[in-house]
Amino acid sequence: MNILPTMVSASDLQRDSSRILNLVKTGDSPIIVMRNNKPEAALLGIEKLQSMHDALRRFEMKDALLAVHEGEEEYTSGKTILLSSDFRELVHD
């Protein structure tokens, strides 16, 4: 596995897109597209993108479930208060 990402210029991407897309497809890390010596974009294989998307969704679900669990614990231990429908009471306290 490469420690440094593969970098290509935007003009190389235009001239040799087939080879670069094959690198993206077969590689595990993104290819950084440079323009004027600055990173402009990253090319990522569709399987890697799907994997990252799935991991993000799992993280978000786990985070939401943890928040619900913590809320339930606070409610059962009496650390929460029930709000009335009139929120102006909270502002004037």
Side-chain angles (χ1 to χ4, degrees):
M1 182 176 178
N2 252 346
I3 295 175
L4 297 175
T6 303
M7 291 184 258
V8 298
S9 68
S11 57
D12 285 343
L13 181 59
Q14 280 183 310
R15 285 191 297 260
D16 202 4
S17 62
S18 180
R19 180 185 67 81
I20 293 170
L21 288 174
N22 282 334
L23 285 174
V24 170
K25 188 176 178 181
T26 59
D28 191 36
S29 59
I31 294 182
I32 308 300
V33 180
M34 307 289 285
R35 183 184 290 169
N36 298 323
N37 293 324
K38 294 180 183 172
E40 186 76 16
L43 301 175
L44 190 62
I46 197 72
E47 289 178 6
K48 185 69 172 177
L49 178 64
Q50 185 65 49
S51 172
M52 291 172 69
H53 182 265
D54 293 345
L56 178 62
R57 290 192 61 125
R58 284 191 305 274
F59 173 78
E60 289 172 340
M61 181 62 72
K62 187 175 181 179
D63 189 49
L65 291 173
L66 180 62
V68 168
H69 178 70
E70 288 174 355
E72 287 175 341
E73 283 182 348
E74 288 179 3
Y75 180 76
T76 57
S77 68
K79 293 180 181 178
T80 59
I81 59 170
L82 295 177
L83 297 177
S84 68
S85 60
D86 187 5
F87 292 106
R88 287 176 279 182
E89 294 175 16
L90 294 173
V91 175
H92 295 295
D93 282 349

Leu43 side, atom CG; Ser29 side, atom OG - distance, nearest 0.5 Å
11.0 Å

Identify the heavy atoms of Val24 and Leu44 that sit nearest to each other, and give their distance.
CG1-C, 3.5 Å

Drop me the distance from Ile32's CD1 to Ser9's OG, to the nearest 0.5 angstrom.
13.5 Å

Only one of Arg58, Glu60, Met52 passes side chain to side chain contact (heavy atoms under 4.5 Å, CB included) with Leu56, and that residue is Glu60

Within-4.5 Å side-chain heavy-atom neighbours: Ile31 and Leu13
no

If you count every heavy atom of other residues, nucleotides or ligands that lies below 6.0 Å from Asn37 atom CG, does the total exceed 12?
no

Please check: side-chain N/O of Ser77 versus main-chain N/O of Glu74, any donor-acceptor pairing under 3.5 Å?
yes

Does atom CG (Asp63) have a neighbourhood of more than 12 heavy atoms from anything else shown, all under 6.0 Å?
yes

Could you tell me whether a side-chain N or O of Ser51 sits under 3.5 Å from a main-chain N or O of Glu47, the two making a donor and an acceptor?
no

Kindly compute the distance separating CE (Met7) from CG (Asp12), expressed to the nearest 0.5 Å.
12.5 Å

Shared hydrophobic cluster, Met34 / Val8 (ILVMFWY, side-chain heavy atoms < 4.5 Å)
no

Is there side-chain contact between Gln50 and Ile46, with heavy atoms separated by less than 4.5 Å?
no

In terms of heavy-atom contacts, Pro30 and Pro5 come closest through O-CB, 4.3 Å

Do you know which two heavy atoms are closest between Ala10 and Arg35, and how far apart they sit?
CB-NE, 4.3 Å

